[in-house]
Colleague: 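Can you keep this structure in mind? I'll have questions shortly.
Proteins get letters first, then strands, A, B, ... in listed order; numbering begins at 1 in each.
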Amino acid sequence: MMIETFLPNAHQRSVLLMVLARSILPALMGLFWLWQDPAQAADHIAKSAIRLGLLPDSSPEILNARFKPLKNYLEVTLERPVDITIPSDYNELVNQFGKKKLDIVFFGGVTFATARKLYHAEPLVMRDIDLKFTSLFLTQADNAKLTLADFKGTQFSFGAKLSTSGHYMPRYFLLEQGIVPEKFFNTIHYSGGHDKTALAVREGRVDIGVANGEVIRAMIKDGRLSLRDVRIVWETPFYTDYVFAVQPGMPKREKQALRDAFLALSISHPQQRGILSALNAQSFIPASNKDFEVLDNIIQNLEKNQNNGSTQ
Amino acid sequence: MAQRSNKTPPVLKKVYQLVGVQLVMAALAMAVIFQHTQQQHEIYDRLGNFHAPSIYYADNLAATLENLIFDLKLNQNSPEKINIRNPSYTIKSQLAAINEIIRQASDPETEKAFQYLQEETQALLKLLQNTDASQHFDNTQLIEALTATRFRATQLSRLHSNLSEQLRELLEQLDRKNTALLINLAVAALLAGGLLLAPLVMIIRRMVKVMEASETSERQLREAAEREKNQMTALLSAMNIGVLFEDKTGLVDFVNPAFLRIWGINADAPISGNPLRNLLEYSPSRFSWPEHASKFVLQVLDTHEISERFEIEFNDGRILTQLSFPVLSDEKGLMGRLWIYEDITLERQTAQQLLYVAEHDPLTGLYNRHRFQKQLDYMLKSAMRNNGRFALLYFDLDEFKYINDNFGHSAGDTVLLRTASEISALVRDVEMFARLGGDEFAILVSLKDGQNLSALPVRIIETIASVPFRLRGSNLRLTASVGVALYPDHAIDAEDLVAHADAAMYHAKRLGKNTWSLYSPEADQSGSMVERMSWSRRIGLALEQNLLELYFQGIYRTDGGGLSHLEVLARIHDPADRSRLIMPGLFIPFAEKTGQIIEIDHRILELSMALLARYPTLPPLAVNISGRSFDDHTLPDFIKNRLMHYRIEPKRLIIELTETEAVSDLGDAQRFIEAISQAGCRVCLDDFGSGFSTFTYLKYLNVDILKIDGLFVRDLKNNRENQLFVQAMATIAQGLHKLIIAEYVENGETLELLQKFGVDFAQGFYLDHPTSQSDMLHKLKI
């Protein structure tokens with residue numbers, strides 16, 4: 001009798017099938033996808049140039065000199081030309097990376113964090129020393145003040161505003177000791193570079209300055225700076241700085257080839273010892289995002305504080 | 001039904017689809033979970049068994065080398081040298097541990113790093129081999145090699161560490177992806193389920209509604225059935241007819257109380273579910289004709305027909321009728337049989353009584369005139385066929401009128417009763433003895449060839465003469481006169497035979513009474529004219545010579561005893577002997593037969609109305625009209641005309657009709673009564689109760705007054721049955737708004753009873769005797 005009307009008609013059936021298709025097929029495709037090896041995408045390494053960007057924390061001449069052996073080594077090992085780009089400032093470096101004008105960049109800690117946040121930069125390798133970076137607070141050798149607390153109300157200088165070791169990390173460690181630079185010091189300068197800070201201290205233009213520990217040690221080593229002129233007031237604990245990072249879209253094989261080239265370098269190898277020592281390193285080690293977790297937190301905190309300060 | 005069961009019901013189909021879809025979804029979900037678990041397992045396996053130990057051993061090696069480098073650097077810079085153990089074995093074993101791990105799983109990412117580590121370590125070990133263990137390690141070259149090796153270990157460790165990190169990320173991605181996949185599956189399952197569930201719910205909803213509706217109608221049907229059953233049970237319990245229902249298999253399903261009562265079965269006896277025959281064993285009743293009964297009582301009938309009506313007689317005299325009907329249902333055919341038992345004992349008895357009453361004289365129990373006439377006709381026919389002979393004896397008591405007049409009807413009745421019983425003893429069974437009316441008796445006797453009949457008349461005379469009657473203290477002896485006529489010797493038809501027997505009787509009386517006489521034409525001729533006269537002649541002469549005389553008997557109210565009206569009674573003076581008054585019982589039957597009754601009726605009416613006109617204060621008169629007058633369509637007009645002529649108020653004339661006559665032709669009677677009523681006269685039904693279906697035709701006869709047959713009244717005080725009859729008749733008369741009269745009231749007790757029963761009027765010797773006109777006028781002081 002009325003039972004006939006309960007049977008689903010053709011329209012109802014087609015609707016049912018459509019719903020099934022929309023819900024089940026993606027699931028099946030997902031399953032199928034699981035069986036595929038995601039790493040099988042074929043890629044080819046272009047014999048084009050590798051565009052290497054460098055953080056302009058020193059003068060281009062110095063940087064070029066320091067990276068020349070590495071450039072040569074990479075060109076030979078990878079059988080590709082390497083073009084070095086040294087932008088005018090830190091921001092420019094990040095911008096150029098964002099515009100994909102650079103394949104691999106030697107970032108500082110803060111610039112890497114920015115590039116990673118904005119453009120998903122992937123860390124590739126770093127020098128052994130980059131895990132154990134410090135910043136040095138310098139004053140004139142004849143200055144009578146001994147501790148940081150003694151320098152209240154004096155003239156102070158950071159390095160570049162976007163520098164990790166010249167600004168972010170020192171500011172962080174100062175805050176850790178309860179020192180807000182803008183209130184503690186009389187005036188605050190941003191010298192624009194580690195060597196510039198060191199020179200400003202030596203020449204007495206500021207009472208105290210902070211700069212990258214490695215740069216200062218290198219300057220002392222090659223005689224550009226003498227411990228007779230400057231004195232180390234305080235050295236910060238270790239933090240991570242500098243990293244070679246690549247574009248997120250770089251083919252896996254190219255990335256691996258680049259990494260292996262860096263990792264192959266050893267100080268036990270006579271020809272390679274120069275490449276490493278020019279970069280102040282004993283070895284390259286694989287880098288990971290984890291190495292920058294602490295720095296990321298510091299940057300976030302500081303930016304928050306700065307924003308709060310500016311609104312006040 | 002069968003068709004439907006072959007197809008899966010839509011509800012089940014939907015349920016199957018639903019379950020099917022859910023099962024497919026569940027299977028897919030299980031597959032996803034299984035795949036995911038396997039991948040997870042593989043990743044954890046790689047993390048735990050490959051990367052983690054690699055990191056551990058590489059870090060260990062790095063630490064070992066770091067310590068060594070620290071110690072060497074310390075020795076380089078400080079004057080006091082510490083002793084440094086050759087670390088070759090430690091380094092070798094740590095490398096071997098790493099090797100052990102790496103060998104288990106090939107990995108292109110770390111392959112090269114491990115290769116560098118091996119190379120660097122081999123170089124270091126070679127350097128250490130060349131160095132004397134006892135010597136101080138102060139070699140810069142060694143520090144360099146150690147440092148290089150240490151970084152190789154760090155590289156390896158960090159690579160593994162990065163890979164571990166990637167694997168963990170992959171794991172998270174897999175988790176997210178598979179979770180999303182499972183959620184999709186669940187949503188799809190819910191959607192598909194919902195899509196299938198919606199029509200299913202609709203179906204179930206409708207089914208529930210249909211079920212509710214059918215439940216309601218079922219309940220209503222059940223209630224109606226219950227009601228019907230209760231009504232049926234009440235009906236079955238209330239009725240006097242025994243009812244038994246047997247089912248198809250011949251087992252008792254139901255009996256009503258009347259059934260148990262009729263069969264005398266105890267209500268506690270097990271009845272339902274037993275075979276019919278067993279049931280009757282509980283009955284104490286026994287059949288009069290067991291073989292015959294057992295053949296028909298409760299016989300199993302296969303036919304679907306109504307059984308013959310079968311009568312069952314019991315030893316105790318009861319009679320049942322058995323009837324069985326098949327109970328058929330529209331669909332299933334025969335459901336069982338219905339057996340109906342009716343106790344007809346009383347009806348049968350009543351019928352027999354009625355028959356008896358119709359054929360017998362109520363006083364003596366002898367056959368009455370009606371039956372006698374039938375028998376006479378029968379014997380005539382029979383004798384005509386068989387050349388047989390028979391004799392007709394007529395006799396009466398010579399001085400009966402004297403007894404009646406002087407001692408009352410009761411005394412007369414006693415005499416008649418005694419006479420009947422004495423003579424009955426003389427009469428053989430094959431002979432017929434009848435009382436024709438008054439003191440007139442007749443006997444029909446078959447005669448053999450040559451047999452003459454003298455013994456019987458002689459013995460009749462002797463017997464009667466020998467009976468002493470004791471009436472009011474005086475002993476009387478009566479005599480009888482017997483007349484005999486023979487067929488075919490004296491007459492060959494009934495009327496002549498009767499007339500000749502009558503003539504013979506009167507001849508005997510003339511001979512001096514207390515004797516008998518055989519009819520002889522000579523004697524008839526030699527005797528007076530009157531004796532030879534037939535009844536028609538005699539009545540004709542009486543009418544010619546105005547020998548009709550009216551007598552009157554009063555009808556009185558039972559409540560106050562006041563006179564209501566008078567019944568007109570006809571008498572004729574015998575034309576042969578004017579001093580002899582002939583009673584209506586004698587001449588009316590003949591007059592009816594000859595048609596002279598119509599003339600008589602007219603004469604009596606004429607006389608009565610003249611009297612009413614002459615004496616305006618005279619109470620109403622009731623005039624008897626014969627049934628033959630129903631044919632006379634002029635009679636109602638005659639009555640109307642005479643009423644107008646004499647200017648009499650019609651109410652003063654009451655027409656009495658004899659019941660038996662009225663019933664014989666109901667249609668004519670109805671028309672006649674209607675016409676009389678239209679004329680304004682009242683109609684009284686005489687001899688009420690003597691006919692068969694007394695009450696039935698009351699519906700059709702629109703009479704005003706009923707007169708109960710004297711037969712019921714005469715012995716009322718002693719006869720319980722007659723009391724019941726009279727009571728019933730009075731009740732019915734009241735119910736029908738008719739007046740009721742009782743005649744033959746001969747004593748005070750009877751009058752009291754009548755009063756009690758609600759009878760309106762009474763008539764009889766206790767109140768007054770029929771009187772002549774002059775006596776009546778004198779008595780009423782008119």
Colleague: So, do B/Arg158 and A/Leu131 sit near enough that their side-chain heavy atoms are less than 4.5 Å apart?
Modeller: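 A side-chain contact under 4.5 Å exists here.
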
Colleague: Quick one: of A/Ile267, A/Val125, A/Asp260, who has the most non-hydrogen atom pairs under 4.5 Å with chain B?
Modeller: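 Maximum pair count with chain B is reached by A/Ile267.
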
Colleague: Working to the nearest 0.5 angstrom, can you tell me the gap between A/Ser283 OG and B/Arg152 CZ?
Modeller: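 CZ of B/Arg152 is found 6.0 Å from OG of A/Ser283.
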
Colleague: Measure the shortest side-chain to side-chain distance between A/Pro286 and B/Gln155 over non-hydrogen atoms and say whether it is less than 4.5 angstrom.
Modeller: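 A/Pro286 vs B/Gln155: side chains touch.
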
Colleague: Going from CG on A/Leu263 to CZ on B/Phe151, what distance comes out if it is rounded to the nearest 0.5 angstrom?
Modeller: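 Separation between the atoms: 12.5 Å.
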
Colleague: From A/Ser268 OG over to B/Leu142 CG, what is the distance, rounded to the nearest 0.5 angstrom?
Modeller: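 Rounded to the nearest 0.5 Å, the OG-CG separation comes out at 12.0 Å.
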
Colleague: Against chain B, label A/Leu276 side chain, backbone, both or neither, depending on which of its atoms sit under 4.5 Å from a heavy atom there.
Modeller: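 The answer is neither part of A/Leu276.
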
Colleague: Is A/Lys71 atom NZ crowded by more than 12 heavy atoms from other residues, nucleotides or ligands, each under 6.0 Å away?
Modeller: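 Atom NZ in A/Lys71 is packed in, count exceeds 12.
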
Colleague: Any chance OH of B/Tyr56 has more than 12 other-residue heavy atoms, nucleotides or ligands included, within less than 6.0 Å?
Modeller: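 No, not enclosed.
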
Colleague: Run the numbers on B/Asn162 and A/Lys290 for side chain to side chain contact (heavy atoms under 4.5 Å, CB included), then give the verdict.
Modeller: CA-CA 9 Å; B/Asn162 283 355; A/Lys290 258 167 95 180; over 6 Å; no

Colleague: Go through B/Thr154, B/Leu124, B/Thr147 and name the one with the most non-hydrogen pairs under 4.5 angstrom from chain A.
Modeller: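 Among B/Thr154, B/Leu124, B/Thr147, the one with the most close pairs to chain A is B/Thr147.
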
Colleague: Hey, could you give me the OG/CG distance between A/Ser288 and B/Leu159, rounded to the nearest 0.5 Å?
Modeller: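 Rounded to the nearest 0.5 Å, the OG-CG separation comes to 10.5 Å.
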
Colleague: If you count heavy-atom pairs within less than 4.5 Å of chain B, which of A/Ala264, A/Ala287, A/Pro123 leads?
Modeller: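 Highest number of pairs under 4.5 Å: A/Ala264.
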
Colleague: Pick from B/Glu120, B/Glu144, B/Glu119: which one makes a side-chain contact (heavy atoms from CB on, under 4.5 Å) with A/Ser266?
Modeller: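 The residue from B/Glu120, B/Glu144, B/Glu119 that satisfies side-chain contact (heavy atoms from CB on, under 4.5 Å) with A/Ser266 turns out to be B/Glu120.
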
Colleague: Should the heavy atoms of other residues, nucleotides or ligands under 6.0 Å from CZ of A/Phe106 be counted, would the total exceed 12?
Modeller: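 Count over threshold, so yes.
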
Colleague: Please state whether the side chain, the backbone, both or neither of A/Asp291 comes within less than 4.5 Å of a heavy atom of chain B.
Modeller: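 The side chain, not the backbone.
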
Colleague: Carefully, step by step, assess A/Arg259 and B/Glu109 under the rule side chain to side chain contact (heavy atoms under 4.5 Å, CB included).
Modeller: CA-CA 10 Å; A/Arg259 191 186 62 199; B/Glu109 300 255 348; 3.1 Å; yes

